[in-house]
Amino acid sequence: MINEYLQPIFTNALTKLGITPDEPIVFEAPKIAEHGDASTNIAMKLAKTMRDNPRNIAEKIIANLEIDSHFIAAVESAGAGFINIRFANAFFQNAIAEFAQIGESFGKSNYGKGKSVNVEYVSVNPTGLLHLGHGRNACIGDTIANLYAAIGYDVTREYYFNNAGNQMNILAKSIYTRYRQQLDEPDYPFPEDGYHGDYVREIAAGLVSEVGSSLIAGTPEDLTKCRKFGEEWCFAKIKQTLERMNIHQDLYFNEDTLYSDGKIEQVIADFRKLGLAYEKESALWLAFSQLGLKDDRVIVKSSGEPTYRLPDIAYHREKFNRGYDLLVDVFGADHIATVPDVMAGLRALGYEPDKVKVLIHQFVTLTENGQQVKMSKRTGKNYTLDDLLDEVGEDVVRFFLIMRGISTHMEFDLGLAREQSDKNPVFYLQYAHARICSVFENAKEKGIYVSDKPDYSLLNHDTEINLIKSLNTFPDAVLASAMKFEPQILAENLRQLATDFHFFYHECRILQAEEELMQARLGLIRVVRFALYNGLSILGVKAPERM
RNA sequence: GCGCCCGUAGCUCAGUUGGACAGAGCAACAGCCUUCUAAGCUGUGGGCCACAGGUUCGAAUCCUGUCGGGCGUACCA
C-alpha cells in the first residue's frame with residue numbers, strides 16, 4: 001500500500017527531470033525509526049548514469065515531488081543519498097479504514113486468481129510411522145498450500161506413495177517374522193534388512209488377532225496378506241497423525257497406476273524415440289550426459305524393475321499433463337539427488353521444468369540432553385511424530401517446524417521442547433488473539449454497541465499508529481511468504497504484529513475510553529484479530545478465543 | 001574427490017533484490033497487576049556475522065579460497 005501510493009509520485013518527479021527508470025522504484029521500511037516510514041535508494045542507483053553525486057540527485061528529486069501534505073509529513077535526503085519519507089497520521093488512519101472495510105478476508109488476495117498449483121508433500125511410503133523429519137515436510141507443504149490458497153490459487157494437495165516396491169516386501173517379511181515369533185516360534189530369525197521398529201510387533205499382534213494362525217505356512221500369498229495388512233495399518237496411522245495436525249490432502253497418488261496405465265512404458269518409448277535410452281549390461285540407461293548432466297544413469301535395472309528416476313519422471317509428466325500452472329514438490333535433503341535427473345528428463349520430453357518448484361528442506365536433528373536421538377524407521381528405536389504431538393501439542397509442533405527457514409538445519413531438543421513448550425512463540429500469537437476476543441466478549445456483556453464506521457482519525461497514539469503500520473505489512477508478508485516459499489516470513493510477521501498489539505494493549509484502554517475513541521479502537525483491534533486469525537489459519541494453528 | 005545446505009549474542013535462530021549504528025526469542029539480572037487475560041509489558045548486560053582475500057560509494061548478504069558440521073553422490077527411494 002505504501003509502495004502503491006509512493007510509486008506514481010516518484011515516477012512523476014523523475015519524469016519531470018527527464019528520467020524514465022527501467023525498473024520500478026524500490027521503497028523499503030527503514031530499520032531505524034528516525035529514518036521514517038519508507039525509504040528509497042533511487043538517487044544512489046541513478047548516480048552512475050547521471051554522473052552526479054547521490055545527495056544532489058536526491059535533492060533534485062525531492063524538489064520535484066508533488067506532495068499531499070495531508071498524508072506525507074516529511075521527505076528528506078539523508079545518509080549517502082537515501083530519500084526518507086515520513087507519513088502523517090492521516091495516512092495510517094486512512095489505511096485502517098480501508099483494512100476494516102476489507103474485513104475478515106484481510107491479508108488474503110486474488111493475486112493467483114485463475115491459476116492452479118499442485119503441492120506434493122508428505123509422500124511417505126506406508127512402511128512405518130511418521131517421525132519428526134516427515135513432520136517438517138508435512139508442515140512446510142501444508143503451509144505452502146495454505147499460503148497459495150490465501151493468495152487466490154486453486155490448490156491441490158497431493159500425496160504420492162508406492163505400495164509395490166521392495167521396501168514393502170521387506171515390511172511384509174518383518175511382519176511375518178514378528179507374527180511367527182508371537183505365534184509359535186519365539187526365536188524365528190529376523191531378516192537382516194528388516195524393520196526393527198516396535199510398531200511391526202503391533203502390526204503382527206493385530207494380524208494374530210485378526211487371522212489367527214492361518215498365515216503360518218508363509219506362502220507368497222500369506223506374505224502378500226502380511227503386506228496388505230501392514231500397508232493398511234501404516235496408512236491409517238499416518239493419516240491419523242496428519243489429521244491431528246489438521247492436514248488433509250486431496251489426492252493420494254499410487255505409483256502403481258503409472259505402471260498399470262502404461263505411463264512408464266510411454267516414457268521409455270519416448271526416450272527411445274529421442275535416442276536417449278540405450279541398453280548396456282542388460283540394463284536400460286538414460287543418456288543424461290546428453291542432457292547437460294555428468295553421467296548416464298540406469299532407468300531400468302537388469303532385473304526389469306525401474307529405478308526411482310523413471311517413475312519420478314513419469315509422475316511429474318502426469319502432473320504436468322493435468323495442467324497446473326505451478327507444481328511444488330516438498331522433499332527432504334536426502335532426496336536431492338533425484339531433482340536434476342527428473343528436471344533433465346522432463347525437459348527432454350518437452351516440458352518446462354521452470355514450472356516445478358522443488359523445496360528441499362534440511363533435516364531436523366533430534367537431541368535429548370545434548371545426545372542425538374535417532375529417528376530412523378529401520379533401526380527400531382524411534383521417536384515418532386505422534387510421541388512429540390503427545391508431549392507438546394499440535395500447535396507447538398506445527399509452529400516450531402515452520403518458524404525457521406526451510407534450508408536451515410534445525411535442532412530440536414526434546415528436553416527443551418518439554419520444558420519450554422509453554423513458552424513457545426505460538427502461544428504468544430494465540431494469546432493476542434484470545435485477548436482481543438475477550439475484549440469483544442466484555443463489550444458484549446456490557447451491552448456496548450460496536451459501530452461499523454468509527455472515526456479512525458481519533459487514533460493518534462503512537463502505539464495505535466504503530467499497530468496500523470504493523471497491519472499494513474501483513475498482506476505483503478502473506479504474499480512474500482508464498483512467492484518465496486518461506487512460511488517463516490509469515491510466522492515472523494505475525495510475531496511482530498502480536499508484539500505491537502500487546503504493546504498497544506498495555507498502553508491504551510479500550511472499553512474504558514471515551515465513546516468515539518473506544519469505537520475507533522474496537523475497529524482497530526477487530527482488524528488485528530482478522531490478521532491473526534488468518535495468519536494462524538495459514539500456519540495450520542488454532543486461533544483460540546479463550547486461553 | 002564431486003554436488004547441495006549450513007556456520008550470526010551463552011542457547012535456538014531472523015536478517016527482504018547488497019544499504020544507514022547487526023536483530024528476535026529463550027536463558028541472566030532489575031522493575032510493572034485494587035483498572036478490558038501477567039501465557040502480558042518496561043529496562044540492563046551480551047557480537048572479529050567461522051577465517052582470509054576480492055568486487056563497490058556501501059558486504060552478514062555477491063565472487064574465490066580455507067576450516068568445521070549435515071545430506072547426497074547406486075542396477076535403494
Side-chain angles (χ1 to χ4, degrees), chain A residues 23 26 28-32 34-35 39 41 44 47-48 53-54 78-82 84 123-125 127 162 165-167 170 193 255 280-285 294-295 297-309 311-312 331-340 360-363 365 400 403-413 416 419-420 422-432 434-443 445-446 476-477 480 484 486 488-489 491-492 495-496 498-499 501-513 518 521 525 546-547:
Chain A
E23 38 189 282
V26 176
E28 54 178 23
K31 287 180 207 158
I32 298 154
E34 286 75 52
H35 294 152
S39 160
N41 61 356
M44 287 131 102
K48 251 181 201 156
N53 86 56
F82 293 98
N84 295 335
S123 295
V124 175
N125 287 336
T127 59
N162 175 14
N166 193 37
Q167 299 304 320
I170 294 170
D193 54 356
E255 180 183 325
K280 189 174 106 184
E281 293 157 3
S282 70
L284 188 68
W285 292 68
K294 200 154 179 288
D295 297 311
R297 300 283 181 197
V298 170
I299 55 171
V300 181
K301 299 186 239 177
S302 49
S303 65
E305 290 173 78
T307 63
Y308 63 91
R309 294 178 190 88
D312 278 3
F331 293 157
D334 55 338
H335 279 63
I336 189 146
T338 181
V339 176
I360 304 284
H361 67 266
Q362 295 301 319
F363 279 18
T365 312
F400 181 87
M403 68 191 273
R404 306 304 185 195
I406 68 170
S407 67
T408 95
H409 302 259
M410 291 200 332
E411 189 166 313
F412 193 103
D413 189 284
L416 222 56
E419 187 189 320
Q420 296 191 345
D422 62 331
K423 291 168 191 149
N424 188 292
V426 73
F427 293 122
Y428 185 78
L429 308 187
Q430 293 178 319
Y431 187 56
R435 267 185 156 175
I436 294 170
C437 291
S438 170
V439 172
F440 280 105
E441 189 60 31
N442 289 331
E445 273 171 28
K446 290 182 181 175
D476 290 341
K484 294 181 181 182
E486 274 293 2
Q488 186 266 331
I489 292 174
E492 180 58 25
R495 201 197 53 72
Q496 187 59 52
T499 296
F501 167 73
H502 286 306
F503 188 38
F504 155 79
Y505 183 86
H506 188 257
E507 294 291 313
C508 298
R509 299 269 116 191
I510 299 164
L511 298 179
Q512 282 84 351
M518 174 186 76
R521 286 179 174 167
I525 64 169
R546 206 165 279 143
M547 285 174 77

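Bear in mind that the values here come from a model prediction, so they are computed numbers and not experimental data. Naming convention: chains lettered A, B, ... in sequence-line order (proteins, then strands); numbering from 1 in each chain.
- Rounded to an integer number of Å, the gap from A:Phe400 CZ to B:rC26 C1' is 12 Å.
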Base, backbone or nothing for each nucleotide of nucleotides 38-47 of chain B, written B, S, -, heavy atoms under 4.0 angstrom, 5' to 3'?
SBBSS-----
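- Across all strands shown, B:rC13 is found opposite B:rG23 as a Watson-Crick or G-U wobble partner, with both distances under 3.5 Å.
- Side-chain atoms of A:Thr499 come within 3.5 Å of backbone atoms of A:Arg495 as a donor-acceptor pair (strictly under, hydrogens ignored).
- If you check B:rC62 for Watson-Crick or wobble pairing at under 3.5 angstrom, you find it paired to B:rG54.
- When the P atom is compared between B:rG40 and B:rA52, the two are found 40 Å apart, to the nearest whole Å.
- To the nearest 0.5 Å, atoms OG (A:Ser302) and CD (A:Glu281) are separated by 9.0 Å.
- Among B:rG72, B:rC75, B:rC13, the nucleotide with an atom closest to any side-chain atom of A:Asp334 is B:rG72.
- Taking only side-chain nitrogens and oxygens, A:Lys31 never comes nearer than 4.0 Å to OP1 or OP2 of B:rC21.
- The side chain of A:Arg495 lies closest to B:rA24, out of B:rA74, B:rA24, B:rC76.
- Only the P atoms considered, B:rC13 is 15 Å distant from B:rC71, to the nearest whole Å.
- If you measure from atom CZ of A:Phe412 to atom C1' of B:rC11, you get 15 Å, rounded to the nearest angstrom.
- A donor-acceptor contact shorter than 3.5 Å is absent between the side chain of A:Thr127 and the backbone of A:Gln167.
- Remark: P of B:rC36 and CD of A:Glu445 are 13 Å apart, rounded to the nearest angstrom.
- For the pair A:Gln488 and B:rG15, the criterion of a side-chain N or O lying under 4.0 Å from OP1 or OP2 is met.
- A:Asn442 has a side-chain polar atom (N or O) that falls below the 4.0 Å cut-off from OP1 or OP2 of B:rU37.
- In this structure, A:Phe363 does not pack face-to-face on the six-membered ring of B:rG70, missing the 5.5 Å centre cutoff or the 30° plane limit.
- In terms of polar N and O atoms assigned as donor or acceptor, the side chain of A:Glu281 comes within less than 3.5 Å of the base of B:rC75 in a complementary pairing.
- No donor-acceptor contact under 3.5 Å links the side chain of A:Asp295 to the base of B:rA74.
- Atom OH of residue A:Tyr505 and atom OH of residue A:Tyr431 lie 7.0 Å apart, to the nearest 0.5 angstrom.
- In this structure, the side chain to side chain contact (heavy atoms under 4.5 Å, CB included) partners of A:Glu445, at least two apart in sequence or on a different chain, are A:Glu441, A:Asn442.
- Between A:Ala78 and A:Thr338, it is A:Ala78 whose nearest contact on RNA chain B lies nearer the 5' terminus.
- A donor-acceptor pair under 3.5 Å is formed between the side chain of A:Trp285 and the backbone N or O of A:Lys280.
- For A:Ser303 against B:rC75, no side-chain N or O and base N or O form a donor-acceptor pair under 3.5 Å.
- Nucleic acid contact class of A:Arg546 (heavy atoms, under 4.0 Å, all strands): base.
- Heavy atoms of A:Met410 sit under 4.0 angstrom from primed sugar atoms or phosphate atoms, though from no base atom.
- At the heavy-atom level, A:Gly81 lies nowhere under 4.0 Å from the strands shown.
- B:rG68 is paired with B:rC6 under the criterion used here, namely a Watson-Crick or G-U wobble arrangement in which both key atom distances are under 3.5 Å.
- Looking at A:His409, its side chain never comes within 3.5 Å of a backbone N or O of A:Thr365 through a donor-acceptor pair.
- Residue-level contact check: A:Asp476 touches neither bases nor backbone, having no heavy atom under 4.0 Å from any strand.
- Relative to the side chain of A:Glu28, the nucleotides B:rG72, B:rU17, B:rA74 differ in distance, and B:rU17 lies closest.
- Judged purely by atom type and a 3.5 angstrom limit, A:Asn125 uses its side chain to pair as donor or acceptor with the backbone of A:Asn162.
- B:rA28 is paired with B:rU44 under the Watson-Crick or G-U wobble criterion, all donor-acceptor distances under 3.5 Å.
- Remark: the backbone N or O of A:Val298 is paired with a side-chain donor or acceptor of A:Arg309 at under 3.5 angstrom.
- Taking atom CD1 of A:Ile32 as the reference point, atom P of B:rA22 lies 9 Å away to the nearest angstrom.
- Among the heavy atoms of the strands lying under 4.0 Å from A:Gln512 is at least one base atom, whether or not backbone atoms are also near.
- Using a 4.0 Å heavy-atom cutoff across all strands shown, A:Glu305 reaches no nucleic acid atom at all.
- Nucleic acid contact for A:Cys508: base, since at least one base atom lies under 4.0 Å from a heavy atom of the residue.
- Across all strands, A:Ser438 comes closer than 4.0 Å to base atoms (heavy-atom distances).
- Panel note: side chain A:Arg521, backbone A:Arg509; a donor-acceptor pair is recorded below 3.5 Å.
- On the C1' atoms, B:rG25 is 10 Å away from B:rA14, given to the nearest whole Å.
- The NE2 atom of A:His335 sits 14 Å away from the C1' atom of B:rA74 (whole-angstrom rounding).
- Interface remark: the A:Arg404 side chain does form a donor-acceptor pair with the B:rU12 base, using a distance-only criterion of under 3.5 Å.
- For the P atoms, the distance from B:rA9 to B:rG15 is 15 Å, rounded to whole Å.
- Separating the NE2 atom in A:His335 from the OH atom in A:Tyr308 is a distance of 9.0 Å, to the nearest 0.5 Å.
- Note on A:Val26: a base of the nucleic acid sits closer than 4.0 angstrom, heavy atoms only.
- Between A:Ile406 atom CD1 and B:rG70 atom C1' the separation is 16 Å, expressed in whole Å.
- Across all strands, A:Ser39 comes closer than 4.0 Å to base atoms (heavy-atom distances).
- Residue A:Phe82 holds its CZ atom at 7.0 Å from CD of A:Glu28, rounded to the nearest 0.5 Å.
- Mapped onto RNA chain B by nearest heavy atom, A:Arg309 and A:Pro30 fall at different nucleotides, with A:Pro30 at the one closer to the 5' end.
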Encode nucleotides 1-6 of chain B as B, S and - characters from 5' to 3', where the letter depends on protein heavy atoms closer than 4.0 Å: B to the base, S only to sugar-phosphate, - to neither.
---SBS
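- Here A:Lys446 does not reach the OP1 or OP2 of B:rC36: none of its side-chain N or O atoms lies under 4.0 Å away.
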